[in-house]
Structure formats: structure tokens, C-alpha cells
Trainee: 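This is the structure I have questions about; it appears just below.
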Amino acid sequence: MLFQSFLSPYARARSFSLLIHSRSISVFKGRANSQMDRENSNLIAPGKHTATFRLSNVSGRKADLLEIPAKNPILHVLFIPGNPGVISFYTDFLESLYELLGGTASITAIGQISQMKKNLEGGRLFSLEEQIDHKVNFIKQELNNIEVPIVLVAHSIGCYISIELLRRFSPKVIYCIELYPFLAVNNKSFKQSIIRKTAASPFLCASLSSIAALLGLLPTSLTRFLVRQSVGKSWSSTAVDALCNNLLQYHVMQNVFFMARTEFIKLLKSPDWAFLRKKQSQIAFLFGDDDHWGPLQMSEEISAQVPKAHLVIEREGFTHAFSCTEKGSVWVAQFVAILIKKQISK
């Protein structure tokens with residue numbers, strides 16, 4: 001099914017020691033895994049803090065927010081999702097991150113405009129630039145006056161957005177952690193070529209969005225079964241629910257495709273290496289071993305162009321859609337927590 005073939009690579013919206021070297025690429029090995037298991041056994045705070053969701057209204061644009069407030073935070077983590085930008089895909093990851101940070105940081109995740117269950121934008125489509133402007137306005141409206149610094153954590157195309165936020169909100173933003181980043185079009189990827197051509201065709205986008213909407217009309221139990229038998233065989237219940245309850249909507253899929261179309265245009269250019277070198281002490285990257293959105297070729301280029309940035313390659317096989325599995329969510333949360341704790345200790 002064409003919808004399934006598109007969705008599988010695009011569901012990107014959802015033990016070990018970290019060897020992070022400033023001038024080289026680090027690879028996780030078995031010994032490192034055991035060391036990090038021991039280190040993180042003391043990181044998890046007792047008691048589970050559950051994320052809450054609310055609707056944000058920023059300059060008249062609606063988006064979902066996921067929030068986990070801390071009583072006395074010393075920093076604020078703002079998470080920017082990929083595309084699809086359905087933030088419930090990341091619930092397990094963000095709740096794990098909060099626990100690992102021991103309540104020292106409040107966490108907010110902001111979804112992409114019109115990528116939620118309710119169609120509150122009347123079917124309007126939003127480009128990558130409009131999504132960036134939305135995040136800029138969100139920080140100005142809700143975070144610009146907080147007393148603690150901001151750490152940006154982002155996934156996929158959210159990494160591109162976070163770099164733009166770092167550009168506009170220094171010194172308020174003190175650090176960026178880029179997870180499986182999509183920073184430039186990968187012309188060597190066949191999958192990416194197919195998605196690019198699909199996103200460029202209004203007819204195909206409308207057809208696939210209609211199929212998604214029809215699937216969304218099926219009984220919930222049947223939809224969950226179909227997802228479990230196709231793209232979600234190894235997914236967590238949280239990720240399956242996120243897809244069934246939010247992504248299978250005509251307006252959401254149309255926005256996913258339209259945002260992708262504008263991504264492929266914008267990211268034909270190389271990253272702004274001069275800016276990244278200027279901020280290289282404030283940026284960390286996590287790449288996957290087999291990820292066409294953030295290929296190893298890009299990690300090598302970053303290592304050469306931005307030599308002081310922390311850069312790590314994950315070889316545990318969690319894939320680009322790390323947040324769709326419980327193990328992937330916890331593993332990446334541990335990676336992020338260690339980096340943030342290093343910032344806290346400075």
C-alpha cells in the first residue's frame with residue numbers, strides 16, 4: 001500500500017556510556033553500554049511524572065503543547081518535533097527525560113501547526129518557514145520572560161528549526177541537542193527521492209491523505225490492529241495511539257506533505273557552516289547508523305566543518321523514529337540527560 005510505504009519512513013515524528021569527543025565521532029560499544037547503565041541507575045528520580053497536554057494559541061495559530069513542569073527548575077527544555085510534528089509520538093521520551101533530570105528542568109514540547117486531531121486552521125497548509133516563525137513567536141510569547149536558560153532538543157527537521165531558534169535567541173538559548181537531524185536533502189537516498197516526488201504532487205498528496213482519513217474512520221480496535229500489522233509492529237502503545245488518534249486525519253496528512261514539500265526546497269542548500277562553527281560549543285548531534293534523513297555522510301561533513309561540536313553515532317538500531325519504541329525513547333533520553341547535566345554542572 002502506497003500510504004504504508006510513505007508512512008514507514010516518515011513516522012520519524014516518534015545500558016551504556018556515552019563517549020562524546022569534541023573533535024571526533026564517537027561510537028557506542030558493549031563496554032560503553034554497561035558503563036552507562038551503571039551511571040544512569042542513579043539518575044532516575046522516584047515517582048512517575050505524567051506529561052499534560054494543552055492547546056496553545058500563538059499569534060492566532062493553534063498547536064498542541066506537551067508540558068512537564070518542575071517545581072524549582074534551573075533550566076527549561078524546549079522540544080521541537082520532526083515532521084509529522086504530532087508531539088504525542090514523543091511522550092515516552094519526554095517523560096523519561098524529565099525523570100532522568102531529576103526534576104531540575106521543566107519540559108515543553110510544541111507541535112507543528114495543524115498537525116493535531118482537531119482541524120482548527122480550516123484546512124490551511126503551513127510551510128517550513130511558517131512553522132519556524134510559529135516557534136519563534138511561541139518563545140517570545142511564553143518563554144522569553146522566564147528567568148532560567150533554555151536548552152533546545154530537536155528531532156529530524158526540528159533540528160533545522162532549532163538552529164534557526166538558536167540564531168535568533170542567543171544568549172537565552174544556551175545549548176542545542178540535535179537528534180537524528182535532517183539538515184540537507186540526501187540525493188543518494190531512493191526512499192527520500194520517492195517521498196520528495198510524492199510531496200511535490202498535489203494529486204498524490206490528496207489521494208494518500210484521503211486514504212489516511214478513511215483509515216481514521218474505522219473502529220479504533222481495527223485501526224490499531226492494522227497499524228500493528230504494518231508500520232507499528234515494534235512500536236509502543238503510545239506511538240500506535242499517536243498515529244491512530246492524530247495522524248490519520250486529512251488535514252494533518254496534507255500538512256505533513258506540504259511541510260515536506262517546502263523542506264525539500266529549503267534544504268537543497270548546504271547548512272550554514274559559518275554559523276554552526278560560531279556556535280559549535282553550544283551544539284551536539286546524535287546520528288543513526290542507518291538513517292537516510294541524517295546519513296553518515298552528513299555526520300562526517302559536520303565533523304570536518306564543525307570540529308568542536310559534540311557528535312555521536314548511535315549503533316543500537318533504534319532508527320530515525322526512535323520515539324516510537326520504549327527502548328529507543330529511554331536510550332535517547334539518557335543520551336540527552338547526560339548532555340544537559342553537563343551544562344548544569346558548568
Trainee: Roughly how far, to the nearest 0.5 Å, is CD1 of I344 from CD1 of I174?
Mentor: 8.5 Å
Trainee: Please work out whether the ring planes of Y90 and F93 are parallel, tilted or perpendicular, with thresholds of 30° and 60°.
Mentor: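 Geometry flag for F93 against Y90: perpendicular rings.
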Trainee: Hydrophobic cluster membership, with links at side-chain heavy-atom distances under 4.5 Å among I/L/V/M/F/W/Y: are F225 and L217 in one?
Mentor: no
Trainee: To the nearest 0.5 Å, tell me how far F285 CZ sits from C159 SG.
Mentor: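 Going from the CZ atom of F285 to the SG atom of C159 covers 8.0 Å.
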Trainee: Quick one: do K327 and E314 make a salt bridge, cutoff under 4.0 Å?
Mentor: no
Trainee: Counting neighbours of CD on E164 that are heavy atoms of other residues, nucleotides or ligands and sit closer than 6.0 Å, is the number greater than 12?
Mentor: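 Atom CD in E164 is packed in, count exceeds 12.
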Trainee: Between S156 and H320, does any side-chain donor sit less than 3.5 Å from a side-chain acceptor?
Mentor: yes
Trainee: Using a 3.5 Å distance criterion without hydrogens, assess whether the side chain of E301 forms a donor-acceptor pair with backbone atoms of M298.
Mentor: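 Checked: no pair found.
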Trainee: Does a donor on one side chain sit under 3.5 Å from an acceptor on the other, for H49 and E95?
Mentor: no
Trainee: Answer with yes or no whether the side chains of H292 and N186 bring together a donor and an acceptor at under 3.5 Å.
Mentor: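 No, no side-chain donor-acceptor contact under 3.5 Å.
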Trainee: To the nearest 0.5 angstrom, please state how far the NZ atom of K266 sits from the CD1 atom of I157.
Mentor: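 Output value for this atom pair is 10.5 Å.
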Trainee: To the nearest 0.5 Å, what is the distance between CD1 on I107 and CG on L101?
Mentor: 6.0 Å
Trainee: So, taking the atom named CZ in R168 and the one named CD1 in I163, what distance separates them when rounded to the nearest 0.5 Å?
Mentor: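 So the gap between those two atoms works out to 12.5 Å.
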Trainee: Between the side chains of T108 and H76, does any donor sit under 3.5 Å from an acceptor?
Mentor: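 Short answer, yes.
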Trainee: Rounded to the nearest 0.5 Å, what's the gap from CZ on F126 to CE on M259? Could you check?
Mentor: 12.0 Å
Trainee: Would you say Q131's side chain and Q112's backbone share a donor-acceptor pair under 3.5 angstrom?
Mentor: no
Trainee: Looking at E300, is its backbone amide N or carbonyl O close enough to the side chain of S303 to form a donor-acceptor pair, meaning the two atoms are under 3.5 Å apart?
Mentor: no
Trainee: Please assess S209 against Q254 for the test side chain to side chain contact (heavy atoms under 4.5 Å, CB included), listing each intermediate value before the final yes or no.
Mentor: CA-CA 6 Å; S209 298; Q254 280 286 74; 3.2 Å; yes
Trainee: If you group Ile, Leu, Val, Met, Phe, Trp and Tyr by side-chain heavy-atom gaps below 4.5 Å, do L94 and V240 land in one group?
Mentor: yes
Trainee: Indicate the atoms forming the closest heavy-atom contact of C205 with T198, along with that distance.
Mentor: SG-O, 3.3 Å
Trainee: Under 4.5 Å between side-chain heavy atoms, counting indirect links through other Ile/Leu/Val/Met/Phe/Trp/Tyr residues: same cluster for V136 and L78 or not?
Mentor: yes
Trainee: State whether K118 and D64 are salt-bridged, where the test is any N-O pair (Lys NZ or Arg NE/NH1/NH2 against Asp/Glu carboxylate O) under 4.0 Å.
Mentor: no
Trainee: Do NZ/NE/NH1/NH2 and the carboxylate oxygens of R124 and E130 come within less than 4.0 Å?
Mentor: yes
Trainee: Between I195 and F264, is the side chain to side chain contact (heavy atoms under 4.5 Å, CB included) condition met? List the steps.
Mentor: CA-CA 10 Å; I195 296 171; F264 284 121; 4.0 Å; yes
Trainee: Heavy-atom count check: over 12 atoms from other residues, nucleotides or ligands less than 6.0 Å from N72 CG?
Mentor: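 No, CG of N72 has 12 or fewer neighbouring heavy atoms, counting only those of other groups under 6.0 Å.
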Trainee: If Ile, Leu, Val, Met, Phe, Trp and Tyr residues are connected whenever their side-chain heavy atoms lie under 4.5 Å apart, and connections chain through other members, are L215 and V231 in the same group?
Mentor: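 Linked within one cluster.
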Trainee: Keeping Q249 on the side-chain end and N246 on the backbone end, is there a donor-acceptor pair under 3.5 Å?
Mentor: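 Not at all, since once roles are kept as given, no pair shorter than 3.5 Å links the two residues.
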Trainee: Using only heavy-atom distances, determine whether the side chains of S162 and E178 contain a donor-acceptor pair under 3.5 Å.
Mentor: yes
Trainee: Salt-bridged, K62 to E121, with N to O below 4.0 Å?
Mentor: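 No, this pair does not count.
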Trainee: Quick one: sort the Y180 and F322 rings into parallel, tilted or perpendicular, breaks at 30° and 60°.
Mentor: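 Judged by the thresholds at 30° and 60°, the geometry between Y180 and F322 is parallel.
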Trainee: Within 45 degrees of the axis of the six-membered ring of F275 and under 6.0 Å from its centre: does R167 put its NZ or CZ there?
Mentor: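 Yes, a cation-pi geometry.
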Trainee: Check the orientation of F89 and W235. Use parallel for under 30°, tilted for 30 to 60°, and perpendicular for over 60°.
Mentor: perpendicular
